[in-house]
Amino acid sequence: MASEKIDVRYVAKLARIALSEEEAVRFGKQLGDLLEHVNVLSELDTASVPATAQVVESRNVERGDDVTPCLDRETVLAMAPQRQGAFFRVPKIIAES
Amino acid sequence: MNELVTRSAAQIARDVNGKRVSAREITAAVLQRVDETDDRLGCYLSRLNELALDCAQRADRRIAAGETLPLAGVPIAIKDNMCLRGTRTTAGSKILENWIAPYTATAVQLILDAGGIPIGKANLDEFAMGSSCENSALGVTRNPYDLSRVPGGSSGGPAAAVASFQAAIGLGSDTGGSIREPGAFCNVVGFKPTYGRVSRYGLIAFASSLDQIGPLTRTVEDAALAYDVMAGHDPSDSTSINRAVEPAANALREDLKGLRIGVVKEFATAKLGPEIDALYKRAYRELADLGADVVDISLPTADYGLATYYLIAPAECSSNLARFDGVRYGLRVEGDDVGQMYERTRAAGFGPEVKRRILIGTYALSSGYYDAYYVKAQKARTMFAQDFRRAFEHCDLIAAPAASSPAFEFNAKSDPYSMYMMDYYTIPMSLAGLPALSVPCGYAGTPQLPMGLQLAAPLFEEAKLLGAAHAYERATEYASKAALAV
Amino acid sequence: MTVKTKYEAVIGIECHVELKTRSKMFCGCANEFGGEPNTKVCPVCLALPGALPVANKEAIEHMIRAGLAFGATIPAFSKFDRKNYFYPDMPKDYQISQYDMPLTLGGSVGYWLEDGTLKECRLTRIHLEEDTGKSMHAGGGDGRIAGSAYSLIDFNRAGVPLMECVSEPDLTSAQEAVGYLEALKRTFVQLGVSDVKMEEGSLRCDANVSIRPAGSMKLGTKAEIKNMNSFRSVLRAIESEITRQIDVLESGGRVVQETRGWDEAQGVTHSMRSKEEAHDYRYFPDPDLVPMEIDPALVERLKATIPALPHDRFVRYHREYGLDPKQATQLVDNLPLAEYFDACVSASGNAQLSTNFVLGDLSRLANETGTPVYASPVTSASLAELIGLVEAKAITSKTAKELLERMWAGEGSPKAIVEKEGLAQTSDAGEIERFVAEVLAANEKAAADYKAGKTNILGFLIGQVMKASRGKANPALAEELLRKKLE
């Protein structure tokens, strides 16, 4: 298992959470500590063990292609932090870097 | 205290269906009880007085029209991570502080259709992440047995509400122990059904592959009653189990004859100190006294539960909580561009524990670490399921502690990992998706505070589990020996 | 060797196609283009707290059919994964997609160029995912994202089922890229899995373009071209990008790996920020959905529903029937007409005459009347009957044209009309001689001219005999008898 120090700024950027200096230091340490704890998993020999995504196995859960009622538009837009007419409005989008 | 509020859910339903008392009278009494006690306890984030009285009136009308309702007039505390149309649904978070749900969770709808009366939306650790309710951003909930202590978490609000007679049934959700641990701390029954037994549709997700709704009640009979109403297939939840549900109310028993109950070697309680060790040894003896064959079993992976859980649950939560972005609903903190708006909104909207879990989960899924952390944990999870399958070859049920201590004081667990340790005994069952519950099993510490015995069954064996818990409860009556502070 | 032939292009296409279903991929909201903004949304596609997805069975079956049409492998096991990244028109801030176990793997797309050359492009995979909402960029003047002050979002499209088709880099020119896309389009339309309306954005594509010295096996550095909104812009954008890359190399430069946007107005691609670091999408299996196990019986059942494919039709029409590529394409692109044509060919056994009638007189009549050929009273069986009469020389081609008009007008089967009106071609020499005598008597001047050496007047006289016989006279016999009389 990886043992290098967690790059908390990079992770916070991926998670879109602004961190203060103090938080970056505190979370960095706490996440590092937690990783120490979870590293005990490396003791488990999982070479021949399949991964489990869902513990109660099930397959092919599908719905028929039927149309059902939508939400009322005013209900939808009433939730919007900012709306303009019938649209949700957001600040300018800067292309991903 | 009005005697009406102390009645069990089963008793209320019997009385209301029998027209000996009206749903309206019960509701009025419970609302008054909430008025009298909740300022001190802080169980509810939102009270639903008007809706409660409407529902009571409707229940009375339906009964007058000749219907029989399984939960007629039964007051319900709904953990505030479940949607109820037209009500504020916050998940205990600033990011949803003022969000009004436009739809109702399947489990909640089933409860309401059965005649249940929604008293209020109950407090929880933010997004159900925590074991003390201290992570709620919107309020403090106190333990009814000692107001200086936590009610447990994350379903602390519903647990405390049921314990303090502010509801007969609490709807909780359990991801790693979030029903069972507060159940133990508040001296009530906390029951997590098999993963997928109760629909998650409308339950605000924490960790999708682990989250499960279940009841907190003052009696096992009430837990069975609530379970029978909520369990069953829901086409709106792809992970909902599509198989028949054996009604649990018919399976309640008075003894444990013919049952083998396994005690997990790796869960030795000596490390919890002599008092608690003695308490659990007594509990296992009580099981034997009821006719159970108590046997030793082994869960070799037991010690890896926390590590496994604290990779899987945060990984899923990091993705589940991405939608709280300030675009469509909830809190927004403006920024110069969308990226800045996201970062500020989420920085202001999430509390420290939620941020920690999002960060650790993001890390565990990120490029270069996915196999080492996430996939490794998914494989460890398979080993838990295998261990339990092997263990259940030697026993019908498993007995274990529900928590390693009684309720602790506020701010007692400053280090995140010591808080995570609270779920040590409950997480393995969660990882394997098993039905499990905690039932009151005595008192420990100074002052003497409630403790819970955890019982777990193989997948889908809820009826057997509740049946056995009922026998234990009837024989021991620890809950009714309670000395409530409020 | 010219600069152009010194290099060859290597092109791969990733294209997103919206599936034609009644409801969205994971919820019951209507899958329809347009409509009032934010009216086709529900807790699921708006990603409200607590909402959960349930997969649309029809969309999964569309995917399998699309894969089968291209000879792809349908794996026995498939699953949905979450692709995590933030974007305001993507409600969950992750997209439900397929990472390592897509519904279809491999296969290849046969296509053709304008001159009829047949080509093939291998598919890497086709996977199923969900579409995003639509952002409109405002406050900047021209609707572009760059320079806009804010964006407005409509989530009606969010959650529409989308298939992503990823090709191998088998294409070597802009023409091939367009040929490939056209083949995808016609196949999806004819399978009924998508309407493929580029103007509505139901097909969107990106092209990975690189160049290398002709004959080299080593791949050059690729640029990803975006914002191509029509097949014409695909053609122009790729051509322009190839030229740009050649210019870069010829001037001693180096092509950098980047995303470039196509500027339709200026006819050039421009850099959209280079991809220094790859996105970290943190794919993992979606725990809200369960895996798919594809039953071989289902695959067999779906296989049986796949119609004759456009590419096979083209090959048959062009190579076997000898239609020119344009005619063949015209037929292939009109499925009901192609089916009509096929029925006629199989009933008459005569592809040449079927082509002449279907693409000639019948198409003209269709244009004039506004009734499609296949919906007209001229059934493929009656057309085959007419072709049979022509082949047996029972009627002249002139009569055939006339009959066709009358059949179109609903007068019944050609044989019935012929019998009723005695229109059958006659080779009775005695009968034709009478018409010849009649015509020569009425056209003395023409007969004299012929005898004086103006032999080309014979055609006029034959025409007169045909007219007198109301088209029934066997034209060859009429000519022979005329000559005999005049010489």
Side-chain angles (χ1 to χ4, degrees), chain A residues 1-2 6-8 10-20 23 26-28 30-31 33-56 58 61-64 71-72 75-82 88-94 96-97, chain B residues 99 102 194-196 209 235 238-239 241-242 301 303-304 306-308 310-311 318 325-332 334-344 346-347 350 355-356 358-360 362-363 366 368-369 372-373 375-383 385 416-417 431-433 459:
Chain A
M1 285 211 170
I6 181 165
D7 181 354
V8 75
Y10 170 72
V11 175
K13 185 86 201 160
L14 281 179
R16 293 288 192 273
I17 298 175
L19 294 183
S20 66
E23 281 178 314
R26 177 159 48 97
F27 288 145
Q30 287 170 339
L31 300 191
D33 290 350
L34 181 59
L35 286 181
E36 292 275 302
H37 288 294
V38 304
N39 275 341
V40 299
L41 282 188
S42 59
E43 296 165 8
L44 286 180
D45 177 8
T46 53
S48 56
V49 179
T52 294
Q54 285 291 357
V55 74
V56 178
S58 158
V61 176
E62 291 150 8
R63 41 177 276 275
L71 286 171
D72 160 68
T75 307
V76 168
L77 289 164
M79 288 189 267
Q82 191 183 14
F88 290 84
R89 179 170 163 163
V90 294
K92 70 176 176 233
I93 300 169
I94 293 179
E96 300 280 296
S97 59
Chain B
W99 184 62
T194 303
Y195 175 81
S209 74
S238 304
T239 60
I241 296 167
N242 191 359
T301 46
D303 273 341
Y304 301 95
L306 278 175
T308 306
Y310 278 97
L311 288 169
S318 72
D325 60 5
V327 174
R328 286 149 289 118
Y329 49 80
L331 180 74
R332 174 191 289 190
E334 291 297 343
D336 295 341
D337 60 65
V338 134
Q340 198 176 55
M341 185 277 280
Y342 287 153
E343 295 195 346
R344 289 181 177 174
R346 292 163 64 78
F350 293 138
K355 286 180 189 170
R356 263 192 296 275
I358 290 175
L359 293 175
I360 197 75
T362 302
Y363 180 73
S366 67
Y369 302 100
Y373 289 119
V375 175
K376 183 81 182 178
Q378 296 281 49
K379 290 181 169 186
R381 185 172 190 177
T382 307
M383 295 177 79
Y417 198 75
L431 289 171
L459 295 174

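In this text the structure is predicted, and so the values were computed from the model without any measurement. Chain identifiers are assigned alphabetically (A, B, ...) following the order of the sequence lines, protein sequences preceding nucleic acid strands; residue numbering begins at 1 within each chain.
A donor-acceptor pair under 3.5 Å links the side-chain atoms of B/T382 to the main chain of A/T52, judged by distance alone. Looking only at distances, a side-chain donor or acceptor of B/R346 sits under 3.5 Å from a matching main-chain atom of A/A15.
For B/Q340, no part lies near chain A; criterion is any non-hydrogen pair under 4.5 Å. For B/L306, no part lies near chain A; criterion is any non-hydrogen pair under 4.5 Å. If you measure heavy-atom distances from A/R89 to chain B, the contacts under 4.5 Å come from the backbone alone. Interface residue B/D336: only backbone heavy atoms are found under 4.5 Å from chain A. The contact between A/T46 and chain B is made by backbone and side chain atoms together, counting heavy-atom distances below 4.5 Å. For chain B, the nearby parts of A/L44 are the backbone and the side chain; heavy atoms of each come within less than 4.5 Å. Neither the backbone nor the side chain of B/S318 comes within less than 4.5 Å of any heavy atom of chain A.
A/A53 and B/Q378 make their closest contact through CA-NE2, 3.7 Å (heavy atoms, listed as atom of the first residue, atom of the second, distance). Contact detail for A/V55 and B/G433: the closest heavy-atom pair is CG1-CA, 3.6 Å. Nearest approach of B/S366 to A/L14, heavy atoms of both residues: CB-CD1, 4.2 Å.
Side chains of B/Y304 and A/E43: a donor on one and an acceptor on the other come within 3.5 Å.
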*Apply the test side chain to side chain contact (heavy atoms under 4.5 Å, CB included) to residues A/V56 and B/T194: give CA-CA distance (whole Å), side-chain angles for both, the deciding distance (0.1 Å), then the verdict.*
CA-CA 9 Å; A/V56 178; B/T194 303; 4.2 Å; yes
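Interatomic distance, CG of B/L311 versus CG of A/L34, reported as 7.5 Å (0.5 Å rounding). In this structure, CD1 on A/I17 lies 11.5 Å from CZ on B/R356, to the nearest 0.5 angstrom.
Aromatic ring centroids of B/Y417 and A/H37 lie under 6.0 Å apart.
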